[in-house]
Amino acid sequence: MTPLRLFFILIFITLVTLAGMYKYVQDVTRESLPTLEQLENPRQELATSIVSSDGELLDHFYIKRRTYISYDSIPKDFVNALIATEDRKFFQHWGVHLMRIVKAFVKNAISLRVKEGASTITQQLARNLYFNREVSLGRKVKEAITAVLIEQTYTKEEIIEMYANTVYFGRGAYGIQIAAQIYFNKSAMDLRTSECAYLVGLLKGPEVYNAINHYEAAIERRNIVLSLMLENDIISASEYEIASEEPIVLGSSKSLKVKRFDQAPHFVEMIRLALSKDDRLGEYDLYRDGLTITSTLNSIVQTHAQSAVREHLEIFQRQFDATWSWSRNKKLLGILVDKAIKGREEYIVAPKDNKDKVYRFFQTHEPFIDSVKRAATTVQVGFVALDAKTGGIIAMVGASPQTKVYGTDIRYSLNHVTQIQRQPGSSFKPFVYASALEQGMSPSSPIGVGPYSWTSPSGVTWSPKGTLGDGGSVPLSVALKYSVNTAAARLITEKTTPSQVIALVKKMGISTKLDNYPPIALGSEEIIPLELAGAYSTFLNNGYYFKPEYIEKIDDRFGKSIVSNKLPVSVKEVTNKRVAQDMTIMMTGVVNSGTATSIRNWYKFDAAGKTGTTNSYTDAWFAGYTPQIVAVVWVGFDDPRVKFTGWYAQGGKAAAPIWGRFMGKVYSDPRLPYKQTKFTVDRSQIDTTRASKEINENEDNALDANSVNSSTNNQTEEVNLPQEAPKEPTAPKEPSEKKSTDAKPSPTVLPPKRKFPSLNN
C-alpha cells in the first residue's frame, strides 16, 4: 500500500469517525438539552426559610434544604479553595477543559479504572441543575455541551454563585449557607479559612470525609485543600500552618443531624399547615421556591417560654409520678397497651395469621409497656403568648419537652395550643362577668355566694358546688377573685343569659360549639387554648378583639413581597371600654389575693387573669395578661382518662406557675421591649393586696363548707382544694324526666335531647 493510499484511508476513517461522533451527539442531545429559557432561568429547588421577628432562623420547608445567597456573601476563601481544588483554570476555559479531559483519559486508561475526573466547575453545575448522576457517555456529552451554553449565558462570578448555592455538602445541606449552619452553626460569611477548606473537601465525598464519623480522614482531606491553596499562592505559608493545625470544631451535635429545628416546632408546623392552604401564595411552591416567611414569634421570648415550661414540669412531673399508680389503673393500662400495639407498624403489616403472635410479643415486652406508660403519664402543656398591641403570637410551646424523648419528631406531635379542645373550667367565668357588666352591673355590685339551684322549665335541676363561707352576698370582684361557682351560676341565670354570653365570646374569637344552657358559666364546654388567649386580649385592648396572627410578611427568593400583614390584621369592637377595664380591675384581684397568688413568686408587676380547674383534676388552666402581653397555659394529659390525683393540680398550682415564671423572665430581660408594668385603668379600684396567711386560711374554711347535693344524683362530692376556692362545675347527667319538646330552647331552657357533659370523664 502506497503512502498516498494510506493517507486517504486515514482521512476517510477520520471523517467517518467524526461523522459518527456528530451523529451520536445529535442523537444524544436531541430534545434533552436545556432550553434557552431554562438556561436563563434555571429551576433551583430552594428551601423556604421561616424566621422570627427578630431575625433568627426557626426552620425550613424543603424538598432539598437549600437557601440562596449572593456572590458577595460567599466567603472568598471558599471560592479560592473551590477553584484550587476543583478547577484551577476556571477563569481561563470556556466551560470544558480539553487538556484536563485528555490527561484524565490517559490516567484512567493506565490504571484501568476511573482514577481522575475531568469535569469543570461549570460541568458540575450543569449536572446539578439539569441532569441526574447517571454514569454514561451520553450524560457526559450533554453535560459538556450544556456547560458551554452556561458559559455563554452567565459570567464566571454568576456561575460560582449558582454552584455554591446548589452543590451538596451532605447531612441534608444543599448550598454553602445551609452547610455553614449545619456544620458550624454560623453564617457562610463568618466561616474561617480552615472551615472553608473543610467544606470544599466534603464535596469529594460528604460521608467519607465527614468529621463526625471519620475525623482523621476529614483532617487529611481538609489539609490537602489547604495545601492546594498554598500551592496556588492563595494563602501564605504561615496561614497554611495556622489553618492546618486547627482542629475541626463542629457545632453542637443537635445541629449536625438532618433534623427539624426545635426552638418552636409546633409554631412552625402551624404555619406550614396554614400556608399549604393559603390562596395568597398563588402558584408559589412552599417547598421549592425559596420563600422567606417572617413570623411574629420572638426568639428571645420563645426561649423564656420554653425555660418556664421546662422548669415547672421538672417539678410537677415528679409530683404527679409520686402519686400515680398503675396498679390502681390496670384496666386503663390494658386499653392503652391494646391501642398502642394495634398502632404499631409491625402489627399492621403482619399477615393475618401472624398478628396474634406479634400482639402477644408486645403485650409482654417490658420496654414497650414502659414506653406506653410513660407516654400516657407525661404531663402535657399548651402555652401561647400574644403581643397585645398587634395580636401577634410571640411564643408558643405546644407540648411537654418530654414529648421529643418518647416521640419521633416533636414537630408532628399534638399541638396543645391549636389542636385540642378542652373544658376551660373557671377560666371561662370572666366572659360571664363581662356579660353581666354589659347589663349594667359593676365590680361593686352584690351577688349571692351561698348554695344555689336552678331548675329548667323541663324539670332539670342544676346545683353547682362552690360557695363562699356561709353565703350571703359579696361584690362581683370578690366573687370572681375567689372563683365562686354559685355566683357565676346566679349571674348567667339572673343577670344575663347563656345566649348573651355565647354571643359575646363568639365575637371574641371562640369558634367551638357552645350549647345554650347555664352550666357553660362554669366552663363545661370545650374551647381551644389559642382562641382563649385571643378572647382575653379583648379585655386588655379596651374592648377590641385582635385576632391572633403568626405572619408579618412573606417574600420571594429575590426579596419581592408576596404577603405583607399590617398588624393587627383583624380588629373588631366587641364591648365597651368600661366593661373591659372593669374586668381588668377585677382580675387583678385574682392574681394579687385570689386563686392565682402563686404568680407572685416570680412576677411582681401588674397582672390580671383567671385560673381554671375541671372536675377530677383533668385540666388545669391559667389565662391572663400584663399591660403588654396576653398568655394562656393549659396543663393536662393527652388521654383525659389519665388525671391528676389531688389538690396540687388546681389551675393556681399546675398552670399559673408557668405563666408567672414566663412573665418574670420576659419583664426582666433588657433585650425585650416589654417595659410597661402598670395597667392604664383607674388604679384606685385595683385590688393591690397580697395573699396572706389569714386570707388563705379564710379561703380554706370557705372551701370546707362547699358540699352541695346535685338533685340529679343525690350524691355529695367532697371538696378539698386548699387554695383555689370553689371547685369547678359539676354538670348533672341527663335527667330521667321527660325532655323538653321546645324546638328552639329559650336562653334558660336546656336544649332538647341534650346530654349534660360529665366533667368527671
Side-chain angles (χ1 to χ4, degrees), residues 15 17-46 64 66-76 78-105 116-168 174-177 200 203 232 234 288-290 556-560:
L15 291 174
T17 301
L18 291 174
M21 291 175 61
Y22 176 76
K23 181 66 167 58
Y24 176 78
V25 170
Q26 272 195 323
D27 291 341
V28 167
T29 59
R30 183 179 292 116
E31 297 182 359
S32 59
L33 291 178
T35 64
L36 178 61
E37 181 182 357
Q38 290 172 326
L39 283 171
E40 293 179 346
N41 300 285
R43 175 69 173 178
Q44 298 182 51
E45 292 185 0
L46 302 182
K64 295 179 179 178
R66 174 191 290 147
T67 60
Y68 203 90
I69 58 175
S70 67
Y71 181 80
D72 292 338
S73 298
I74 300 171
K76 299 303 179 187
F78 177 83
V79 175
N80 291 331
L82 178 66
I83 292 173
T85 306
E86 296 290 327
D87 192 353
R88 295 186 190 185
K89 299 295 183 180
F90 174 73
F91 285 103
Q92 285 78 49
H93 65 65
W94 37 272
V96 178
H97 193 185
L98 293 178
M99 286 304 298
R100 189 175 178 184
I101 293 174
V102 173
K103 289 180 181 179
F105 177 79
E116 181 174 318
S119 295
T120 63
I121 288 175
T122 314
Q123 286 176 273
Q124 294 178 44
L125 175 62
R127 180 175 65 242
N128 292 342
L129 291 180
Y130 304 110
F131 306 110
N132 56 35
R133 292 187 172 273
E134 173 194 2
V135 179
S136 68
L137 178 61
R139 193 215 72 193
K140 295 296 291 184
V141 169
K142 289 185 286 187
E143 184 183 288
I145 295 173
T146 303
V148 174
L149 296 174
I150 289 174
E151 292 273 352
Q152 293 174 346
T153 308
Y154 297 98
T155 66
K156 291 289 187 178
E157 288 75 13
E158 289 171 332
I159 292 171
I160 288 291
E161 179 181 304
M162 287 191 288
Y163 180 90
N165 281 291
T166 56
V167 70
Y168 182 59
Y174 288 83
I176 180 66
Q177 180 72 353
V200 170
L203 299 178
N232 285 272
I234 295 170
R288 293 180 169 89
D289 284 346
D556 68 12
R557 69 175 68 181
F558 305 110
K560 180 182 176 182

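For the numbers below, each heavy atom of this structure counts, side chains included, while hydrogens, waters and symmetry mates do not. Please read these numbers as outputs of a predicted model, since none were measured by experiment.
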Closest approach of [X] and [Y], non-hydrogen atoms and distance?
X	Y	result
Leu82	Val200	N-CG2, 3.9 Å
Tyr174	Thr166	CD2-O, 3.7 Å
Glu86	Leu203	OE2-CB, 4.5 Å
Thr146	Ala126	CG2-CB, 3.9 Å
Arg127	Ser119	NH1-OG, 4.1 Å
Glu161	Ile74	CA-CD1, 3.8 Å

Checking the side chain of [X] only, and the main-chain atoms of [Y] only, is there a donor and an acceptor separated by less than 3.5 Å?
X	Y	value
Asn165	Ile69	yes
Asp87	Ile121	yes
Glu151	Val148	no

> Does a donor on one side chain and an acceptor on the other come within less than 3.5 Å for Gln177 and Tyr68?
Replying inline: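 No, no side-chain donor-acceptor contact under 3.5 Å.
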
If I take atom [atom1] from residue [X] and atom [atom2] from residue [Y], how far apart are they, to the nearest 0.5 angstrom?
X	Y	atom1	atom2	result
Tyr154	Leu125	OH	CG	9.0 Å
Trp94	Ile150	CH2	CD1	14.0 Å
Asn232	Thr85	CG	OG1	8.5 Å
Ile83	Tyr163	CD1	OH	11.0 Å
Ile160	Ile176	CD1	CD1	11.5 Å

> Please walk me through it: do Glu158 and Tyr71 pass side chain to side chain donor-acceptor pair (under 3.5 Å)?
Replying inline: CA-CA 7 Å; Glu158 289 171 332; Tyr71 181 80; over 6 Å; no

>> Within a 6.0 Å radius of atom NZ on Lys89, are there more than 12 heavy atoms belonging to other residues, nucleotides or ligands?
In response: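 Counting neighbours around NZ of Lys89, 12 or fewer heavy atoms of other residues, nucleotides or ligands fall under 6.0 Å, so no.
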
> So Val167 and Gln124, side-chain contact (heavy atoms from CB on, under 4.5 Å) or not? Walk me through it.
Replying inline: CA-CA 9 Å; Val167 70; Gln124 294 178 44; 5.6 Å; no

>> Just so I know, are the side chains of His93 and Thr122 near enough to count as touching, which here means a heavy-atom distance under 4.5 Å?
In response: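 Answer yes - side chains close enough.
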
